[in-house]
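To start, the structure itself, in structure tokens.
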There are 2 protein chains.
Amino acid sequence: MTTRTTATAVPLARLLAMAFRLLIDGLHERLAERGWRDLRPAFGFVLLGLRGGPATLRELTELLGTSKQAVSKLVEAMVETGYVKRRTHPDDARAKTVQLTQRGHRLLAAVEEIYDELERQWADVIGRERIEGIREDLDAVLRSAYGEALPAVRPLGPEA
Amino acid sequence: MTTRTTATAVPLARLLAMAFRLLIDGLHERLAERGWRDLRPAFGFVLLGLRGGPATLRELTELLGTSKQAVSKLVEAMVETGYVKRRTHPDDARAKTVQLTQRGHRLLAAVEEIYDELERQWADVIGRERIEGIREDLDAVLRSAYGEALPAVRPLGPEA
DNA sequence: GAACGAACGTCAACAAGATTGACTAAAGGA
DNA sequence: TCCTTTAGTCAATCTTGTTGACGTTCGTTC
């Protein structure tokens, strides 16, 4: 039980990065197969952010962890490709709500289907209990670091 | 044991992304505290790639998963900041080897120290066995997807 | 009810980082 | 020796994010 074992092994950060990419690449590959081709990588986070219903730009900004200007341009791109639409907020004329269009809902459904499929693939290798274990463990670590609220998912540009 | 549980929970990809960021942010925070300030996010992957000794640009390109031009510029930046140096390859006059300088070795040592420290923090929350479990599980999934060789760690620009 | 400061979102200019294409030089095989 | 392939660089472009300035609306306070 030396302390050096961790240093010479593949760093955890690299494993996490590779595992993340494995999922994301698999997702986009399958989406392309199904005909979804005009996607930008960051669309997915917005999509998942709108899963529970409309959100304001500010809320999306908090979710993504970037500047509001960047999110504004991202949403603009999603409006142009027909995945979301903007509405003026019912109670606040300054704000606008972003919500999924029909097409956006179909994309979201496809994404969730594929995620399920990919998780099933993982389960074939390590078993479903392990996956749930990873989920719980990471959740615990994150909550211990950030408190109850999960942190923003930064644009992920920066890395190791 | 419904199939819907996974869809409504936090997607695994998001958890992996957040966990990765937690490590990376922690790393850069602590590096900055120790006076390492002229770092670029991607330096770390090159650093770890050179851990085992000199490598050619081509090998680094495979490791990082980006274009050789991007790696060339990245290495150039690391040469300018004094972390690595280039040499012409002993057996191949076309190729150049990239290797750590003294300063690069000191940085690498700091990085590994901090990774150990961060893993110890994780261990305080979920226990060391769980960390090793995650490591093994991710490793198994990755190898099942890519074969024996671990895949490239893409610049991580693209995401969800 | 008028006025001030704060908050929501957009526009425009800029910067960082990666990509593509063209090129030089060296290797390796026929 | 010629021809193709490979290693690396240079230059132009694109994508994506940031910063700063702005118009509009809200909410509080006088």
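Remember, it's a predicted structure, so these values are computed and weren't measured experimentally. Here is how names work: the chains are called A, B, and so on, in the same order as the sequence lines, proteins then strands, and each is numbered from 1.
One can place CZ of Arg40(A) at 10 Å from C1' of dG17(D), the figure rounded to the nearest angstrom. Counting to the nearest Å, the C1' atom of dG8(D) and the NZ atom of Lys96(B) are 6 Å from each other. Rounded to a whole Å, the CD atom of Glu76(A) is 12 Å from the P atom of dA12(C). Regarding Met78(B), its CE atom lies at a distance of 13 Å from the P atom of dG17(C), rounded to whole Å. Going from atom CD of Glu62(B) over to atom C1' of dA7(D) covers 12 Å, rounded to whole Å. Note: CZ (Phe45(B)) to P (dA18(C)) measures 12 Å, nearest angstrom. Rounded to a whole Å, the CG atom of Leu74(B) is 15 Å from the P atom of dC10(D). Between Leu64(A) atom CG and dG9(C) atom P the separation is 13 Å, expressed in whole Å.
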Between the protein and nucleotides 23-30 of chain C, which nitrogen or oxygen pairs are less than 3.5 angstrom apart?
{"from": "dA27(C)", "atom 1": "OP1", "to": "Ala93(B)", "atom 2": "N", "distance (Å)": "3.0"}

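At the phosphate of dA18(C), neither OP1 nor OP2 sits under 4.0 Å from any side-chain N or O atom of Thr66(B). Between dG9(C) and Ser72(A), no contact under 4.0 Å exists linking OP1 or OP2 to a side-chain N or O.
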Next item on the list: Start with the C-alpha gap between Lys68(A) and Glu62(A), add the side-chain angles, then the distance that decides, and say whether salt bridge (charged side-chain N to carboxylate O under 4.0 Å, His left out) holds.
Entry: CA-CA 9 Å; Lys68(A) 58 185 181 175; Glu62(A) 282 173 8; over 6 Å; no
Next item on the list: Would you sort out whether Trp122(A) and Asp137(B) count as a side chain to side chain contact (heavy atoms under 4.5 Å, CB included), showing the intermediate values?
Entry: CA-CA 9 Å; Trp122(A) 282 40; Asp137(B) 291 342; over 6 Å; no
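A pairwise comparison of heavy atoms in Ser144(B) and Val125(A) identifies OG-CG2, 3.4 Å as the closest pair. Nearest heavy-atom pair, Pro54(A) versus Thr97(A), reported as atom, atom and distance to 0.1 Å: CB-CB, 4.2 Å. Of all the heavy atoms in Val75(B) and Arg86(B), the pair that sits closest is CG1-NH1, 3.7 Å.
For the pair Arg86(A) and Ser67(B), nearest-nucleotide mapping onto DNA chain C gives the more 5' position to Arg86(A). The residue among Ala70(A) and Arg58(B) whose nearest nucleotide of DNA chain D lies closer to the 5′ end is Arg58(B). When each of Lys73(B) and Gln69(B) is assigned the nucleotide of DNA chain C with its nearest heavy atom, Lys73(B) is the one assigned upstream, toward the 5' end.
Side-chain atoms of Arg128(A) never come within 3.5 Å of backbone atoms of Ala123(A) as a donor-acceptor pair (strictly under, hydrogens ignored).
Ionic pairing of Asp124(A) and Arg120(A) is not present here: no N-O contact between side-chain nitrogen and carboxylate oxygen is shorter than 4.0 angstrom.
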